[in-house]
There are 2 protein chains.
Amino acid sequence: MHPSIVIREVVSQDKRYVLPPGAGSDAVHTAPTYGYAVCVLRTDRSEEGVGLAFTLGTGNPLVCEAIRHLAGKLVGQEIHALMAGFGRIFRTLADDAAYRWLGPHKGVVHLALAAITNACFDLWAKAHQVPLWKLLNDLSPEALLDAIDISYLEDVLPRAEALGILTQRDATRKDAEQILRTGYRGYDTSVGWFEYSDGQIRDNVRRAMDAGFTAMKLKVGSKDAGRDIRRAMLVREVAGDTATIMLDANQQWSLPDAIRICSALQPMNPYWIEEPTHPDDVQAHRTLADAIAPLRIALGEHVPNRVLFKNYLQTGAMSFNQADAVRVGGVAEYIAISLLSRKFNIPMVPHVGDMGQIHQHLVLFNHIRVGHEALFLEYIPHLRDHFVHPARVTGGFYQVPQEPGLSAALR
Amino acid sequence: MHPSIVIREVVSQDKRYVLPPGAGSDAVHTAPTYGYAVCVLRTDRSEEGVGLAFTLGTGNPLVCEAIRHLAGKLVGQEIHALMAGFGRIFRTLADDAAYRWLGPHKGVVHLALAAITNACFDLWAKAHQVPLWKLLNDLSPEALLDAIDISYLEDVLPRAEALGILTQRDATRKDAEQILRTGYRGYDTSVGWFEYSDGQIRDNVRRAMDAGFTAMKLKVGSKDAGRDIRRAMLVREVAGDTATIMLDANQQWSLPDAIRICSALQPMNPYWIEEPTHPDDVQAHRTLADAIAPLRIALGEHVPNRVLFKNYLQTGAMSFNQADAVRVGGVAEYIAISLLSRKFNIPMVPHVGDMGQIHQHLVLFNHIRVGHEALFLEYIPHLRDHFVHPARVTGGFYQVPQEPGLSAALR
């Protein structure tokens with residue numbers, strides 16, 4: 001079997017990166033810094049586990065302190081033994097008696113749990129000397145469920161039903177594995193950051209299409225809805241009728257505004273409207289979904305945990321599930337959300353707070369192992385030089401990562 | 001007019017208090033420490049604003065750091081000018097570009113906003129030399145709405161409708177003001193902490209009734225439902241048929257468990273079941289409410305903001321609104337939630353993370369100014385010696401506080 005690897009030390013790191021002018025800007029953030037609170041698990045061998053939570057930099061000290069507090073319990077644990085029952089450990093960390101009050105299961109303490117959980121899964125995959133997607137795809141249904149926590153989902157996804165999804169899929173997944181030869185389609189988010197000029201957007205759309213992308217995104221949510229509409233029409237004009245164009249309002253609209261502006265945006269035929277209003281407002285999204293159909297809603301980058309995702313799915317308030325493994329409680333909770341979303345037939349299209357490093361693994365798991373449709377994965381290149389193994393996107397497709405672990409190690 | 005008071009410095013304080021054995025224990029916390037992250041606004045005069053966020057101690061450094069970061073913007077501001085447009089300031093702080101990602105509007109950063117907001121309202125009331133309840137009850141409807149942020153409520157509570165609630169009430173509130181003579185009824189939470197023995201509970205129930213309380217609470221949510229049921233029957237037996245007895249499960253049940261155990265608890269005729277399951281799970285509470293009627297659900301101590309409260313109210317998933325001004329974004333967001341709850345005819349029965357110091361003011365506002373029914377206010381005496389002006393509860397009634405401000409200053 002695989003040799004034992006014991007966690008000896010937990011280190012948290014505050015990483016921040018300045019972006020090029022305009023890059024990353026949206027209706028909330030005019031000049032963001034990207035940042036990660038990083039959990040590093042040092043071991044008695046050369047392997048170390050590295051997990052990320054995405055922040056915008058300034059919040060890193062809070063998340064880093066929470067990582068140190070929570071992850072202390074992992075010191076001394078052997079990784080294979082730990083991960084064989086990680087679902088229980090996850091719940092223990094999520095319900096830490098002192099920190100639970102600060103959430104529960106949301107905000108700073110849950111971002112810390114994301115980084116810790118991701119570091120554990122990274123180390124587990126490295127211990128098997130395989131990339132994360134392969135580790136997850138090769139685990140038995142029982143072992144996979146033992147590694148995650150599906151409490152509070154009992155009413156819609158009891159364990160037997162989750163097992164059923166995985167077991168059934170295992171019998172039919174062969175065809176889906178051909179995606180390991182083609183790679184996973186990407187879409188380009190960097191054509192239309194909020195602060196980019198019309199001229200920049202025009203150039204970026206052309207460049208994206210030349211690079212093989214057929215899908216791309218524009219930031220809207222301006223106080224001036226006229227600007228949003230004009231720029232959306234511009235992207236459509238340059239990209240042509242067959243391009244897939246998504247619009248992202250970054251939560252800036254009230255429900256009445258969202259209904260009004262989405263209707264005005266319909267003529268440019270957006271593929272989805274992303275985060276039209278407040279991310280906690282399941283009912284507003286439900287009402288909006290009815291009001292703007294057939295235009296569909298994508299959201300999830302600010303939804304903190306599986307319980308709120310359950311509510312979104314139960315009410316039919318989302319059409320695309322953008323859960324982010326560096327926002328929810330890491331890979332473990334992401335898997336629970338993927339299973340839940342499968343049950344409701346809502347495709348997973350991750351937000352890439354990790355710049356697609358971890359999610360390039362998770363989309364392969366979603367498609368091959370859970371049976372989600374392979375749509376496309378967001379691509380944002382601004383931090384690629386900072387990763388040890390940056391995601392490789394060629395001809396518009398993510399190439400299948402081969403390095404052991406979940407590819408989150410930073411230079 | 002009132003003299004100018006300018007904020008000169010923001011200080012955050014980490015306050016922790018050890019409780020007597022068993023006190024404060026529930027199904028999650030066997031031996032809690034109570035703690036506050038305190039925001040102190042020092043000024044160019046003798047008055048200072050003091051605001052609390054409730055934590056369980058260990059999380060204080062996180063919240064205190066977030067207070068320092070967010071409240072820096074208040075230095076140099078004059079309190080009357082600040083509060084005349086506090087709704088806008090609140091939104092600016094809640095949407096701080098660097099911290100918003102860590103929520104939004106939940107968790108550590110929102111607890112920090114609670115402490116800051118409460119300190120501003122405390123200073124404002126002190127500047128008027130009146131207790132908070134009197135300040136709020138005497139503000140014009142417009143001034144009150146300018147001091148709060150009702151964005152993301154437009155679909156159910158547009159400003160004109162909120163104004164209407166206040167204006168209508170002003171014409172009819174005289175009768176309600178007699179509560180200023182009687183005081184506000186309290187209920188005793190400390191009879192039935194989770195770790196108390198049956199004997200202690202028996203004694204505490206008798207002592208509570210002797211002290212004039214007619215309503216009291218028992219902690220349930222045990223892994224052993226039989227223990228919960230037995231102890232609930234015990235409280236009923238000692239307190240008698242006419243006592244009002246509430247049960248609190250502290251989120252420990254899955255939905256199927258909640259349905260099953262609530263049914264078994266019905267024979268002791270509980271007044272409400274509190275926090276039966278996960279506080280983000282609006283749909284589960286909605287389903288449960290139907291399944292266990294006429295038993296009603298109380299919740300809110302872990303609901304982070306007005307948007308989630310809106311969802312609870314819209315779906316009819318709560319019968320008692322336990323919003324806590326030291327959890328949501330302070331007094332400002334509490335007022336928004338109170339108006340919202342009034343629209344849906346759901347009474348406010350605050351959770352007292354502040355031990356009733358601030359909420360003794362807010363219930364008077366809820367009843368007199370907003371028109372909520374005066375039910376009762378939770379009473380927990382364990383920290384009373386630590387406050388400069390501890391709430392006075394005699395004969396089971398909170399006495400109306402007369403000191404200027406919101407009574408949160410700690411010794």
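Here is the naming used below: chain letters follow the sequence lines, and residue numbers restart at 1 for every chain.
- Neither the backbone nor the side chain of Ser151(B) comes within less than 4.5 Å of any heavy atom in chain A.
- Chosen from Asp281(B), Val282(B), Thr33(B), the residue pairing most often with chain A at heavy-atom distances under 4.5 Å is Asp281(B).
- Note: Val307(A) leads Val307(A), Leu255(A), Val108(A) in heavy-atom pairs under 4.5 Å with chain B.
- When the heavy atoms of residues 89-102 of chain A are compared with those of chain B, the residues falling under 4.5 Å are Ala97(A), Ala98(A), Tyr99(A), Arg100(A), Trp101(A), Leu102(A), listed by number.
- Contact count against chain B (heavy-atom pairs under 4.5 Å) is highest for Asn311(A) among Thr58(A), Asn311(A), Val63(A).
- The NE2 atom of His278(A) sits 4.5 Å away from atom NE2 of His105(B), with the distance rounded to the nearest 0.5 Å.
- Heavy-atom distances place both the backbone and the side chain of Leu62(A) under 4.5 Å from chain B.
- Counting heavy-atom pairs closer than 4.5 Å to chain A, the top residue among His69(B), Glu301(B), Glu154(B), Arg327(B) is Arg327(B).
- Atom CZ of Arg88(A) is surrounded by 12 or fewer heavy atoms from other residues, nucleotides or ligands within 6.0 Å.
- Annotation for His302(B) and Gly103(A): closest pair CD2-O, 4.3 Å, computed over non-hydrogen atoms.
- For Pro279(B), the part sitting under 4.5 Å from any heavy atom of chain A is the side chain, from C-beta outward, and nothing else.
- If you measure heavy-atom distances from Thr315(A) to chain B, the contacts under 4.5 Å come from the side chain alone.
- Of all heavy-atom pairs between Pro104(B) and Asp280(A), the closest is O-OD2, 4.3 Å.
- Arg16(B) CZ: more than 12 foreign heavy atoms inside a 6.0 Å radius.
- Contact detail for Tyr152(B) and Trp253(A): the closest heavy-atom pair is CE2-O, 3.7 Å.
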(request) Please assess Gln283(A) against Val156(B) for the test side-chain contact (heavy atoms from CB on, under 4.5 Å), listing each intermediate value before the final yes or no. (result) CA-CA 11 Å; Gln283(A) 292 301 314; Val156(B) 303; over 6 Å; no
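- Looking at Ser254(A), both its backbone and its side chain come within 4.5 Å of chain B, counting heavy atoms on both sides.
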